[in-house]
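First up is the structure itself, then whatever we jot down about it.
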Protein chains: 2
Amino acid sequence: MSRPPVSDPNRPSLRNPALRPLTLRDVSEASGVSEMTVSRVLRNRGDVSNATRDKVLVAAKMLGYVPNKIAGALASQRVNLVAVVVPSLGNLVFPEVLGGISETLEDTGLQPVFGVTNYSPEREEAVLYEMLSWRPSGVIVAGLEHSDASRAMLRNAGIPIVEIMDVDGDPIDSVVGISHVRAGREMARAIIAAGYRRIGFLGTKMPEDYRARKRMQGFEAELAEAGLNLEDREFYSGGSALAKGREMTAAMLARSPHLDFLYYSNDMIGAGGLLWCLEKGIDVPGKLGLAGFNGVDLLDGLPRKLATMDACRREIGQRAAQIVAGQSGSGLVGGERVELTPRLQPGDTIRKP
Amino acid sequence: MSRPPVSDPNRPSLRNPALRPLTLRDVSEASGVSEMTVSRVLRNRGDVSNATRDKVLVAAKMLGYVPNKIAGALASQRVNLVAVVVPSLGNLVFPEVLGGISETLEDTGLQPVFGVTNYSPEREEAVLYEMLSWRPSGVIVAGLEHSDASRAMLRNAGIPIVEIMDVDGDPIDSVVGISHVRAGREMARAIIAAGYRRIGFLGTKMPEDYRARKRMQGFEAELAEAGLNLEDREFYSGGSALAKGREMTAAMLARSPHLDFLYYSNDMIGAGGLLWCLEKGIDVPGKLGLAGFNGVDLLDGLPRKLATMDACRREIGQRAAQIVAGQSGSGLVGGERVELTPRLQPGDTIRKP
DNA sequence: CTGAAAGCGCTAACAA
DNA sequence: TTGTTAGCGCTTTCAG
């Protein structure tokens, strides 16, 4: 099952009759200019006369030459790739972070390359190993929790490492994110201030979702300091988060009808819960308050605006990219720490105090 | 703004005291085995005695050696990367396609590398150029519409090219997708069969969203054959699709209150429209029918199930990956055509005929 | 089973 | 402004 041979009539190439990757030498021969000068033209380096430059560019375009970065990288010991490792793309959270990264890297000459771990430390290790073996200029990786091997690889890579999303932990090098513990605490404070007392928590079952767990921990800690505790909790995994939000809400309220607040670990299940409550005619936020987490813009389209907390996703991507690109303006070399402040968006599902 | 010098006390490395990428030679010296044999061990190639193998593996692990794929690729003329180019990640559609690709590639030794174009042909060209310059083993790219330069690059690359999502057009090499023209037609047929006659269309403004446009074309063609035409249309760009769906629906029904069906170009705006209609107490699907496109699982959590058509996203990713990996089992070498059949999901927003 | 030599396609460094 | 000479770190190939 290999590619067709050069002579295969079905896949002819007008521009590249050799049907093998063109080299600098081909351009050199076609233009009558030395390989070295061709290389300079193609990289806009050094001084080249306009006449020569034009000859080279015409030849390169005519042949359809695409430089071989593998050889270039090996020779120059420079790779314009930034490895970006996230747990998931289905989450809505991460695409936005990646958007911030791409945008910021756009005019730095650096190129993001994405890898996905599915919340598995083993996958993370494999993905990091694979990516590091291409000797990228930097790594941006979600979270502060990694296997020992992953940490060792990153530490030894000798390139900027930026851990993102979360600042509650021990970074390898730089870190950009929010404190999820604090986010949980602040939400608890707002809820208590609004007069709610009988509170339930709904979240993901995934033990690897450290950030959701930290929010819950902060949340409970704050409740405890107010003499309260979580009266019920429910966890899910898999399936449509919106539908799960409905189901879990129904289940929890059937089991614990006295609850007056539900804190969801993400906006999607929160939105499901909200829709369910509205259908049941439950008085939100009068009898029952609701809040989620992330500030996804989906919430703008709901019948009522779910209280949430913005996770600064885009900005996290931007700041991380700046650090990798050496544009953070901090004057620091590595070891930066950027803690962003999530903004509480009270929406319409928490009583005004 | 460069990395700290070797002696920087803040970023010490226990495993890699040199703080420069380790080479095969380092492992060779540490293990007392020739570079060549070390290479063989690390790639599981050729016969190596167990004793030697162990010596090498121990040394490599102890040092924290990560192979340099750049050098390896240059020497072997083999790169285990598959370039995957999509217009957007915010779309929910593409993450799922990427999931199908990753999953299928998982045990082929190939690694997907993702690039995003933001629906811009110029960005696509730049991304393709960048990716091709790493000499990947294959390319999977969304859509059949590309700039001439992009098409030329892909044709000349001498590797499997799979265009995905859409089969209505002229593929460069292989193609995996659905016919969006036909999808539009089928939706129109179902709507007409259910007795709706005064139909409006709501979609994206983006001229580059060829697939949405093809659906609309197919839709209108089928209407025309039934002696009908679109009575109103509305387009949006930017913002929360759910919120836009509400706004557009409100605007269209204010302008054209006689409409009895709204066809949305994607599920997100459709969901917004559905929520709005339910709030307004509009009789859906009695007085007004609604349908979207994509079959996103978000719909499972809505108060009523929006009619939609599944775009076979995951399967598209899987089939495309199989072709690139040479596992499609077709016996063909290049030039495969896989047309999948989107399934109509009538949901609760089209009257039963 | 193991090793030595050559070179992948490009670029750094120097020479002209 | 242009060309020449050595490699970059690995794998291929062939010889022991």
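Reminder, nothing fancy here: chain letters follow the sequence lines and each chain counts from 1. For the numbers below, each heavy atom of this structure counts, side chains included, while hydrogens, waters and symmetry mates do not.
Salt bridge Lys69(A)/Glu130(B): present, at least one basic N to carboxylate O contact under 4.0 Å.
Only one option out of Glu163(B), Met153(B), Glu125(B) pairs with His146(B) in a side-chain contact (heavy atoms from CB on, under 4.5 Å); it is Glu163(B).
Listed candidates were dC8(C), dC10(C), dT2(C). Nearest to the side chain of Thr23(A) is dC10(C). In the set dT11(D), dA12(C), dT2(D), dT2(D) carries the atom at the smallest distance from any side-chain atom of Thr37(A). Minimum atom distance to the side chain of Leu74(B) is reached by dG9(D), of the listed dG3(C), dG9(D), dC10(D). Among the nucleotides dT12(D), dC10(D), dA12(C), the one closest to the side chain of Ser76(A) is dA12(C). Proximity note for Glu35(B) (side chain, C-beta onward) versus dT2(D), dC10(D), dT11(C): the nearest is dC10(D). Looking at the side chain of Arg40(A), the nearest of the listed nucleotides dC10(C), dA4(C), dT2(D) is dT2(D). Distance from the side chain of Ala75(B) is smallest to dG9(D) among dC10(C), dT1(D), dG9(D).
Comparing Asn68(B) and Thr52(A) by the nucleotide of DNA chain D whose heavy atom lies nearest to each, the residue mapping closer to the 5' end is Thr52(A). The nearest heavy atom of DNA chain C to Val48(B) and to Arg78(A) marks one nucleotide each, and the one closer to the 5' end goes with Val48(B).
A distance of 11.5 Å separates OG1 in Thr37(B) from CG in Asp47(B), rounded to the nearest 0.5 Å. In this structure, Met131(B) CE and Phe114(B) CZ are separated by 9.0 Å, a value rounded to the nearest 0.5 Å.
Under 4.0 angstrom from either OP1 or OP2 of dG9(C) there lies at least one side-chain N or O belonging to Gln77(B). Note on Ser34(B): every side-chain N or O is 4.0 Å or more away from OP1 and OP2 of dT2(C). In this model, the phosphate group of dC10(D) is approached by a side-chain N or O of Tyr65(B) to a distance below 4.0 Å at OP1 or OP2. OP1 or OP2 of dT2(D) has at least one side-chain nitrogen or oxygen of Ser49(A) nearer than 4.0 Å.
Atom-to-atom, CZ of Arg45(A) to C1' of dT1(D) comes out at 17 Å; the value is rounded to the nearest Å. Taking atom CH2 of Trp134(B) as the reference point, atom C1' of dG9(C) lies 13 Å away to the nearest angstrom. Between Lys69(B) atom NZ and dC8(C) atom C1' there is a gap of 17 Å when expressed in whole angstrom units. Distance Lys55(B) NZ to dC1(C) P: 14 Å, rounded to the nearest Å. Atom-to-atom, CE of Met36(A) to P of dT5(D) comes out at 14 Å; the value is rounded to the nearest Å. In this structure, Ile70(A) places its CD1 atom 20 Å from P of dG7(C), rounding to the nearest Å. Atom CZ in Arg25(B) sits about 13 Å away from atom C1' in dA4(C), given to the nearest Å. Atom-to-atom, CG of Leu42(B) to P of dC10(D) comes out at 9 Å; the value is rounded to the nearest Å.
Here Asp47(B) lies in heavy-atom contact (under 4.0 Å) with a base. Within 4.0 Å (heavy atoms only), Arg43(A) reaches sugar-phosphate atoms of the nucleic acid but no base atom.
Annotation: Arg43(A), atom CZ; neighbour count of heavy atoms from other residues, nucleotides and ligands within 6.0 Å is above 12.
On a pure distance criterion of 3.5 Å, no polar donor-acceptor pair joins the side chain of Arg135(A) and the base of dG9(D).
Side-chain atoms of Ser328(A) and Glu336(A) form a donor-acceptor pair, as typed in the model, at a separation below 3.5 Å.
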